[in-house]
Amino acid sequence: MSPEENKPTDFIREAVAEDLRTGRYTYVRTRLPPEPNGYLHIGHVKAFMIDYLIAKENNGELILRFDDTNPAKEETEFVEAIKEDARWLGIEWVKETYASDYFDLLYEWARTLVKKGLAYVDDQTPEEVSKNRGTLTEPGKNSPFRDRSVEENLNLLERMKNGEFPDGSRILRAKIDMAHPNINMRDPAMYRIIHEPPHHRTGDKWKIYPLYDWSHGQNDSMEGITHSLCSLEYENHRPLYEWFLDQLGVFKPRQIEFARLNMNYTVMSKRKLRRLVEEGHVNGWDDPRMPTLRAMRRRGYTAEAILDFIRRVGVAKNYSVTDVALLEECVRDDLNKHALRRMAVIRPLKVVIDNYPNDLVEEMDAVNNPEDPSAGTRKVPFSKVIYIEQDDFRETPPPKYYRLYPGNEVRLRYAYFIKCTHVVKNDAGEVVEVHAAYDPSTKGGDSPDGRKVKSTIHWVSATHAKQAEVRMYDRLFTKEDPEEGEEGFLACLNPNSLEILTGYVEPHLAAPEVGSRFQFERLGYFCADRDSTPENPVFNLTVNLKDTWAKLEKKAK
RNA sequence: UGGGGCAUGGUGCAAUGGCAGCACACCAGCCUUUGGAGCUGUGGAUCUUGGUUCGAAUCCAGGUGCCCCAGCCA
């Protein structure tokens, strides 16, 4: 397939191409407009990649502009976190700016509108403003302060700026139409008074702060942004976006809206994510069960996989909820090609090979990655006593069960064929030890007589294995849409979303580099966690392998 | 009962008046020293009613459903 055919196309890219063709714009410049009041999550990635890629595909530029118009909610800590996450995704920007960089110019532009009789200071209380806005079906009422003179408005605005009035006592409003069917056009607020806390960049210089509608489009214009791409809920704001720019007579970017990313089995709103963290339902913003980028990174997701996911989701205006299974498939797809294979037993069951010499240790050759021959091979020690997965043994096998059971022969991966001879049980009647006999002629896993086994299972040598903590993760919520229903999203938290196991890993996994990713054969992909110590390596389940047997077994029930 | 937007298999996205296709999921099979990976195949969709047209997912009209908007949040 040629790169041409591979290029994604969607209604935004078509609109941008059209604008270039018709000469509406001669270049492309987009902006990334995060508000520094939280950590980035998977939903942001879609918006980020649209902005970044559309600029890049058109030899254009991307400006990273922090939307810091509300000192009550924003912090510098988030600025650094957002940049770190964006860089991890591979996003590049030509310039880092802040809405607050433009406060002076924006104030001048506000004065311009006042002078043109298009903005006024309103002394109504917030309650009165709200009441007089009207409803969806009824028009609003004009403010009694709507027709003040330009001089008085200029004077009042200046004094608002200087901090002469308390919070909430006055606002600057655009003078448009209180009867407009679009409520955003009913004399929207432009500036509000906020004395505390100080702004994270401008300190206590300003006592008035612009609202989104007054700030965003003007900043876009000042920066020469050609395409201001945002989510669907801003569609109703576009008339206002254009009104300001038209009245000012300044450079006019084009706002285009698309559907934001939603995913099932998770929540994406900052408020809800904060509750999960603050109420201790998860262990912080980077808990691997969270949909934040730092959580996904810690869990072992690669940037490549996340970007592939975003690409596969596409861009449209349909409200949509993407299946998290697609994300997981993208992660597997990437890790399958790159992760080194290792053997680890996470729910150990002891196996004694009675006819294997007591003190013999053999080094078995094991392939590091069948998808990538250049990854080479390694030696794995084998001895008389090993651990296998509890799931890989049944005393009485169900139909279609191919693994170890009394009388059955299986292959130990890269080692020998073994046949189960008998078991040892505890007082409770549980199998605590399996005994088996091996066939010395099958070393490496091939039988010279052409004999077949139906199953290959993984193992670790008991005396050589390293004990490790393995954190198994499942979906955070049990319902596809956690927000649906009366009880709220916390009511469907999955009580089993984290299970901590103590397993055994092969010697090559004893001291993993934090963040390194492996496939534990037949189990899934795992990532070494930063909680690892030399005594206790810790692995996070990134994503499980597809498990045909588990599916079969589930269906049989 | 105002305004803005959106309707294509289970899910997400294509088809820009000319054979409704891709991915994920699902199902069946092949292959396999991972019940992994890979490969092959099956089933399943144009919200509805009418109209224009040789021909409609696409154009027109009506209907229905869903989403967004009444913050001095973004």
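Protein chains get the first letters and strands the later ones, always in sequence-line order, with residue 1 at the start of each.
- The pairing partner recorded for rC27(B) is rG41(B), the criterion being a Watson-Crick or G-U wobble arrangement whose two distances lie under 3.5 angstrom.
- In this structure, the OH atom of Tyr212(A) is 12 Å from the C1' atom of rC73(B), given to the nearest Å.
- Note: Phe539(A) and Phe518(A) have perpendicular aromatic rings, judged against thresholds of 30 and 60 degrees for the angle between ring planes.
- Remark: P of rC67(B) and OH of Tyr234(A) are 20 Å apart, rounded to the nearest angstrom.
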Give me, pair by pair, the N or O atoms of the protein and of nucleotides 44-46 of chain B that are less than 3.5 Å apart, along with how far apart they are.
none

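- When the side-chain nitrogen and oxygen atoms of Arg260(A) are compared with OP1 and OP2 of rG5(B), none of them lie within a distance under 4.0 Å.
- Among the heavy atoms of the strands, none lies under 4.0 Å from Thr442(A).
- At rA37(B), one or more side-chain N or O atoms of Lys546(A) fall inside 4.0 Å of OP1 or OP2 (strictly under the cut-off).
- Salt bridge status for Glu389(A) with Arg403(A): absent, with no side-chain N to carboxylate O gap under 4.0 Å.
- At the heavy-atom level, Leu523(A) lies nowhere under 4.0 Å from the strands shown.
- The distance between atom CG of Asn262(A) and atom P of rC66(B), rounded to the nearest whole Å, is 18 Å.
- Remark: Tyr241(A) engages no residue in a ring pair (Phe, Tyr, Trp, His ring centres under 6.0 Å) (not counting sequence neighbours).
- Contact annotation: Thr69(A) side-chain N/O to rA74(B) OP1/OP2 distance is under 4.0 Å.
- Among residues two or more places apart in sequence or in another chain, the side chain to side chain donor-acceptor pair (under 3.5 Å) test is passed with Thr22(A) by none.
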